[in-house]
Structures are given as structure tokens and as C-alpha cells.
Amino acid sequence: MLARQGATFASIRFPTPRSNTPMGEVVEVGADVKNLMAGDRVVVPFTISCGECWFCSHGLFSCCDRTNPNAEVAIKAMGHSPAGLFGFSHMLGGYSGGQAEYLRVPMADVGPIKVPDSVTDEQALFLSDIFPTGYMAAVNAQIQAGDTVAIWGCGPVGQFAIRSALMLGAGRVIAIDEVPERLAMAEVGGAETINFSKTDVYDELMARTDNRGPDSCIDAVGCEAAGHGAADAILDKVKAATFLATDRVHVIRQAIMSCRKGGTISIPGVYVGMGDKVPLGALMNKGLTIKTGQTHVQAYTKPLLARIIAGDIDPSFVVTHPASLEDAPTMYAKFRDKTDGVIKVVLRPGG
Ligand SMILES: NC(=O)c1ccc[n+]([C@@H]2O[C@H](COP(=O)([O-])OP(=O)(O)OC[C@H]3O[C@@H](n4cnc5c(N)ncnc54)[C@H](O)[C@@H]3O)[C@@H](O)[C@H]2O)c1
């Protein structure tokens, strides 16, 4: 596989902005690359996929069987290995992330897509990750026209999930977070909101849905969920701190308890290992469906680029902090601490 990558790589330079995953200009391509040439302006998915294995040929690009050089480690931990991912963990390939002036992109004919001049960098950039992630979360939520969708987390992924759920026909979106500027951005995007540090989420969702519960629930928070005094969340924190569990699954518990009978729970939020006290009895007896996964980015880049060109959505709405690469440490601290109104940082090398 690595020898093959040697001929299928492209090197991308970044005069253009990047979030954690990038876009830029192609400076060099391997001998086997057919679709790209030097000078092309491209967005690069965070998933590295061969395009040929059984999983890629079934559209399951983040499950690619051939791009994780550390597959043995992943198999021991998870039974099977997902695709290699840029800027993730050593278990998923140890590939560096896109926050550098140059990036070597394996399988370059399968991942990067060319961006037309009519689309700005800030409009195209998030096709690399968070726009397809929010969109796939909404697809996985199996939304029927007019449905009520509850979305936990109003970070960048939650913001795109809100807008995608509405694009896919949701009648109502109820977004849950505690950070005022994130709740405000969710409202601008068309959601009703609940502040989970001020309101009991289950009680409020029942009150707003005539006790039926939302038709679909999306967990756009993941394994670092906050719980502010809830007993299960305190236990999660203690267990994670003492290495008895890795993941804080407070939001999954809340989603299972809140979702209407026969509804769907979509989990784009990342979980890494073990969490406990998942109410399996409620999951089973209420007949819920769970759908999840690292995003199959390559399946969504072209259709979502078409949506941007058509004017259905302008993804640049989420950018709150354009900055230079040199500002990265400060921006990381602000993002971690949720200060200065930061929702999404875009780093422009040399900017
Ligand atoms: N599946 C994929 O391919 C994929 C791709 C990108 C990101 N992700 C994951 O999606 C998740 C969200 O990413 P992000 O960039 O938006 O993260 P983020 O940290 O910016 O946003 C998470 C939000 O959840 C809120 N939150 C915390 N506890 C909560 C609770 N109990 N109830 C409701 N909201 C709560 C936080 O206040 C925060 O605003 C992360 O787990 C990230 O790793 C997944």
C-alpha cells in the first residue's frame, strides 16, 4: 500500500485557509495521479480512502481497509480498523494534520476535490470535514418531512447538523448547549434552543413535544460531554480520571431517554473507547435505531459543493476567528476555554 501511495500522492501548499483539515494549491503530483495537476485549488477530506476496497466501493470511505498503516493496533482495540485519518491518532494511522504550510496527501485521486473560482476559500474549506459531518449526521437521523430533531452540541458540527436537518426537511430543530454565542448562532440557523446548564433537558424536550419526544436525536458533543452536577456525569468524570472508563456518555444516555419510541439516534460525536451505564433497556424496549461513524467525506464533497454553488448554504457563517498559522497556540487556548466568542478558527499561513 505504501509503495502504491508513493505514486498516488499529491503535495498541497496552503496559501489558503485551513481549519483542522485543509484546502490549498497542488504543487506536485505522483506519476499515477490522473485527476489533479499542479496549480489546482483543492479541498482535502480528513478521511484517507483508497476508492477501491470493498468498503470504499460501497461508499463507506471512512471504513477504508487500506489506508491505516497501524491497522493491527486498531483491530486489537475495535475488532476492525477504520480508514487512516489526517491529524487524528496513531491508532488511525498517525498521519499529521493539515496545520502546516505543506501537506502530502495519499490517494490523491480519491480525496481532494477542485474548487471553482466562484466559491471562496471560506465557503469551500469546511467540505473537508465539518459540513459533511453535520450533513451525514442529519442523513443518519433518518429525518422525515416535518420531523422534530433534537441536536446536542452547538459547536461547528452541531451548527452544520442544524442547517442540514432543516435542508433535509425537518419541521423543527431543538438545539442544546450552554454557550450563549453558540446558542445564538443556532437560533440564527433556524433552531429553537435549550441551555442545558439552566434547564432539565429531558423535561424540556418532553414539554416541547407533547411528551412524545423528538423523532430523531443527534449527539454532536461526543466523549467529552459536560454534565454540571448530574449524578451520571459526575460518575463519568471520576471514572475517566481514574482510568476506569474513557468516554463520558452523558449525552448518549440523555438522547436514549428522550428520543421518541421507534426514533433514531445519530452520533457524529467522537467516542474513543469505553463508556458505561448506557441504558440498553430503554434503547431496546423503545425500539430505537442508532447510526454513527466517522464521516464518509468523499461521498458528500461533490453533492455539498453543488449545494454551495446553488446558494442553498454559505458555510462561511461559522467562521468567528480568521487568524494566521502563527496565532494557532492562542487560538487553541481560546477554543478550548470557549472564550472571546470563538466558535470556528480558520488559520491562513502567512496571513
Ligand atoms: N464523525 C466525524 O467524522 C466527526 C468529524 C468532526 C468532528 N467530530 C466530532 O463531533 C463532535 C463535535 O465537534 P465540534 O467541533 O462541534 O466540537 P466543539 O467542542 O466545538 O462543540 C461541542 C459542543 O458541545 C457542547 N456540550 C458539552 N456538553 C454538552 C451537553 N451535555 N449537552 C449539550 N451540549 C454539550 C459544548 O458546550 C460545545 O459547544 C466532537 O466529538 C468531534 O470530535 C466528528
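Remember, it's 1-based here, ligands and their atoms both numbered in the order they're listed.
Put simply, part of Asp129 is less than 4.0 Å from ligand 1, judged by heavy atoms. The closest approach between a heavy atom of Gly293 and any atom of ligand 1 is below 4.0 Å. Put simply, no part of Tyr271 is less than 4.0 Å from ligand 1, judged by heavy atoms.
Between Thr295 and Thr47 there is no side-chain heavy-atom pair separated by less than 4.5 Å. Residues Gln159 and Cys154 have side chains in contact (heavy-atom distance under 4.5 Å, counting atoms from C-beta outward).
With a 4.0 Å cut-off on non-hydrogen atoms, Thr133 touches ligand 1 through its side chain and not its backbone. Only side-chain heavy atoms of His250 come within less than 4.0 Å of ligand 1; its backbone N, CA, C and O stay farther off.
Atom numbering of ligand 1 starts at 1 in the shown order; those under 4.0 Å from a heavy atom of Pro268 are 1 (N), 2 (C), 4 (C), 8 (N), 9 (C), 10 (O), 44 (C). Using a 4.0 Å cut-off to heavy atoms of Phe335, the atoms of ligand 1 that qualify are 20 (O). Taking every non-hydrogen atom of Arg182 and a distance limit under 4.0 Å, the qualifying atoms of ligand 1 come out as 18 (P), 20 (O), 21 (O), 38 (C), 39 (O). Using a 4.0 Å cut-off to heavy atoms of Lys338, the atoms of ligand 1 that qualify are 36 (C), 37 (O), 38 (C), 39 (O). Every atom of ligand 1 is numbered from 1 in the order shown, and the set under 4.0 Å from a heavy atom of Val179 is 37 (O). Each of the atoms 30 (C), 31 (N), 32 (N) of ligand 1 lies under 4.0 Å from some heavy atom of Val251. In the vicinity of Gly153, heavy-atom distances shorter than 4.0 Å reach the ligand 1 atoms 23 (C), 24 (O), 33 (C), 34 (N). For ligand 1, the atoms closer than 4.0 angstrom to any heavy atom of Ala225 are 28 (N).
For atom 23 (C) of ligand 1, the nearest non-hydrogen atom from the set Asp177, Val318, Ile343 belongs to Asp177. Among Val221, Val342, Val272, the residue whose heavy atom lies closest to atom 11 (C) of ligand 1 is Val221. Among Ala233, Gly155, Pro156, the residue whose heavy atom lies closest to atom 15 (O) of ligand 1 is Pro156. Looking at Gly158, Ala220, Pro132, Ala150, it is Ala220 that brings a heavy atom closest to atom 22 (C) of ligand 1.
For ligand 1, the polar-atom distance check against Thr295 finds a nitrogen or oxygen pair separated by under 3.5 Å. For ligand 1, the polar-atom distance check finds an N/O of Val270 within less than 3.5 Å of one of the ligand's N/O atoms.
Residues in residues 55-79 take part in these ring-ring contact (aromatic ring centres under 6.0 Å, His included) pairs, two or more places apart or across chains: Trp54-His58. Annotation: ring-ring contact (aromatic ring centres under 6.0 Å, His included) contacts involving residues 181-208, sequence neighbours excluded, comprise Phe196-His228.
For Phe46 and Phe86, the distance between ring centers is not under 6.0 angstrom.
Of the candidates Arg248, Arg253, Lys277, Arg253 is the only one forming a salt bridge (charged side-chain N to carboxylate O under 4.0 Å, His left out) with Asp236. A side-chain hydrogen bond (donor to acceptor under 3.5 Å, both in side chains) with Tyr271 holds for exactly one of Thr292, Asp247, Asp219; it is Asp219.
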Side chain to side chain contact (heavy atoms under 4.5 Å, CB included) between Thr148 and Ile174: does it pass, once the steps are laid out? CA-CA 8 Å; Thr148 297; Ile174 305 175; 4.0 Å; yes
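A cation-pi contact links Arg163 to Phe317, judged by a cut-off of 6.0 Å to the six-membered ring centre and 45° from its axis.
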